[in-house]
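Scope of the values below: all heavy atoms of this structure, side chains included, with no hydrogens, waters or symmetry mates. A note on names: the letters A, B, ... follow the listed sequences, proteins ahead of strands, and every chain is numbered from 1.
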Number of protein chains: 2
Amino acid sequence: MSLRHALLGLLAEQPASGWDLSRRFDDLLGSVWPAGHPQIYGELRRLEQEAFIEVESEGPRRRKAYQVTDLGITEVRRWLTDVEVDHTLRLEAVLRSVFFWLMTPDQLSDHLRREAAYYEAVAAGYRQLAEAKDRGDFGHGPQTQSVRIAAEAGARLNTALGEWATWALNGPTVDANPAEPSGQTESSDHR
Amino acid sequence: MSLRHALLGLLAEQPASGWDLSRRFDDLLGSVWPAGHPQIYGELRRLEQEAFIEVESEGPRRRKAYQVTDLGITEVRRWLTDVEVDHTLRLEAVLRSVFFWLMTPDQLSDHLRREAAYYEAVAAGYRQLAEAKDRGDFGHGPQTQSVRIAAEAGARLNTALGEWATWALNGPTVDANPAEPSGQTESSDHR
DNA sequence: TTACACATGTAACACGTTACATGATTTT
DNA sequence: AAAATCATGTAACGTGTTACATGTGTAA
């Protein structure tokens with residue numbers, strides 16, 4: 001039940017309509033938490049009923065902007081501090097890897113090359129976003145900083161996946177060294 | 001619709017019952033693709049109806065072991081080679097980071113420390129598994145090798161997340177260097 | 001005036017989780 | 001004899017996706 005808290009969190013920044021929120025999910029959050037507009041509108045209706053949000057204004061073409069109530073703010077904060085993080089992750093790419101032995105070597109290397117390229121491109125996108133934030137292109141408010149942290153995750157995760165695909169491509173059996181030379185995390189390693 | 005293909009893939013290794021498959025998801029795949037037993041039994045029924053699998057044997061306490069049919073093998077292979085990978089990922093931890101600004105500095109650093117510890121522990125587990133595979137504790141068959149690759153992903157991803165949390169803890173603003181200096185790609189997109 | 005972006009919603013379906021129910025075999 | 005584990009399933013619910021439906025304001 002993260003969607004409702006995500007919506008509350010976004011509304012804590014500034015009032016927004018279902019449309020706006022839908023956009024923000026597509027642009028920003030979509031890559032870690034996809035949400036289609038039907039789900040968003042539905043959740044907004046429920047959040048309003050439960051008094052976590054209220055209509056702030058009504059605009060042109062029947063746009064309705066919502067804002068969080070105090071109750072809503074309290075609720076996001078409670079979620080952030082008191083509710084255990086759900087660490088479940090869903091990664092089809094890794095699931096598939098368990099079945100790589102069913103592919104021919106040619107199919108597999110083709111696949112891995114595509115994957116590596118994909119992840120590197122995505123990682124580059126996040127790195128650009130991170131740099132823009134660091135340059136101050138979006139100000140230096142606390143919200144911007146939070147997004148900066150999220151972008152860092154996007155960069156690091158996709159970089160890791162790209163490197164993983166490349167590693168797998170070069171035949172892990174040939175290369176005898178394990179997952180990461182053991183040891184603790186030094187700052188920026190690899191690459 | 002990855003569950004059915006995952007089931008076919010697991011059955012391609014060896015015949016197994018719903019119970020066995022449920023266990024393998026819990027132990028092995030659960031961390032990248034969770035599936036409860038009700039879903040598994042349901043999917044098995046459908047797979048049997050569609051002739052992708054068939055009952056191999058019936059054991060004690062009405063255990064039913066299934067095996068893949070040729071049609072089933074063809075279907076997993078088709079999935080692996082012809083169906084685009086769904087790159088959607090779902091990571092509550094990263095979603096939350098967008099709302100870190102709603103937490104007090106104390107709450108946040110406490111949170112990040114826990115997160116870092118969690119990911120490091122999980123990463124260590126995967127590294128152990130990887131080492132065991134490399135030592136040949138499970139033989140050197142192609143299936144083992146695929147699992148080795150999956151374990152590598154688990155190690156790398158969780159290491160990356162642990163490092164991310166540590167990085168975030170040390171105040172990203174203070175540390176001026178971006179996500180990873182390396183190459184810059186032309187105005188890249190992400191999504 | 002036509003097309004496009006804005007804006008909201010419903011309905012049907014697919015997927016996933018939790019709770020409940022049942023019973024057989026093995027271990028203590 | 002009781003408890004634990006093996007083993008399968010149903011029902012209800014919650015979440016997420018796709019397709020469909022509708023209409024408004026703005027720019028070409």
When all nucleic acid strands are considered with a 4.0 Å heavy-atom cut-off, which category describes [X]: base, sugar-phosphate, or nothing?
{"X": "Ser17(A)", "answer": "sugar-phosphate"}
{"X": "Arg4(B)", "answer": "nothing"}
{"X": "Arg46(A)", "answer": "nothing"}

Can you tell me the distance, in whole Å, between the [atom1] atom of [X] and the [atom2] atom of [N]?
{"X": "Ile40(A)", "N": "dA7(C)", "atom1": "CD1", "atom2": "C1'", "value": "13 Å"}
{"X": "Glu43(A)", "N": "dG16(D)", "atom1": "CD", "atom2": "C1'", "value": "12 Å"}
{"X": "Arg90(B)", "N": "dC15(C)", "atom1": "CZ", "atom2": "C1'", "value": "10 Å"}
{"X": "Arg62(B)", "N": "dA21(C)", "atom1": "CZ", "atom2": "C1'", "value": "11 Å"}
{"X": "Arg45(A)", "N": "dA11(C)", "atom1": "CZ", "atom2": "C1'", "value": "13 Å"}
{"X": "Asp86(B)", "N": "dC15(C)", "atom1": "CG", "atom2": "C1'", "value": "13 Å"}
{"X": "Tyr41(B)", "N": "dA11(D)", "atom1": "OH", "atom2": "P", "value": "17 Å"}
{"X": "Asp26(B)", "N": "dT5(D)", "atom1": "CG", "atom2": "C1'", "value": "14 Å"}

OP1 or OP2 of dC15(C) under 4.0 Å from side-chain N/O of Gln39(B):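 For dC15(C), OP1/OP2 do not have a side-chain N/O of Gln39(B) under 4.0 Å.
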
N/O (side chain, Arg23(A)) to phosphate O (OP1/OP2, dC6(C)) under 4.0 Å: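 So the side-chain polar atoms of Arg23(A) do come within 4.0 Å of the phosphate oxygens OP1 or OP2 of dC6(C), strictly under.
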
His87(B) side chain to Glu115(A) side chain, donor-acceptor N/O pair below 3.5 angstrom: yes

Arg96(B) to Trp79(A), cation-pi by 6.0 Å centre distance and 45° axis angle: yes

Closest to the Arg61(A) side chain, choosing from dG16(D), dT24(D), dT25(C):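 My answer, after comparing the listed nucleotides, is dT24(D).
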
Residue Arg63(A), side-chain atoms from C-beta onward, closest of dA7(C), dT18(C), dT8(D): dA7(C)

Nearest-nucleotide 5' precedence on DNA chain D, Tyr66(B) against His37(A): Tyr66(B)

Nearest-nucleotide comparison on DNA chain D, the residue closer to the 5′ end among Gly36(A) and Pro60(B): Pro60(B)

Check ion pair Arg156(A)-Glu152(A) (N to O, under 4.0 angstrom): yes

Salt bridge flag under 4.0 Å for residues Glu54(A) and Lys64(A):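 Salt bridge between Glu54(A) and Lys64(A), a charged N being under 4.0 Å from a carboxylate O: no.
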
Identified side-chain hydrogen bond (donor to acceptor under 3.5 Å, both in side chains) counterpart of Arg46(A) within the set Glu43(A), Glu48(A), Glu50(A), Gln49(A):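 Exactly one option meets the side-chain hydrogen bond (donor to acceptor under 3.5 Å, both in side chains) with Arg46(A), and it is Glu43(A).
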
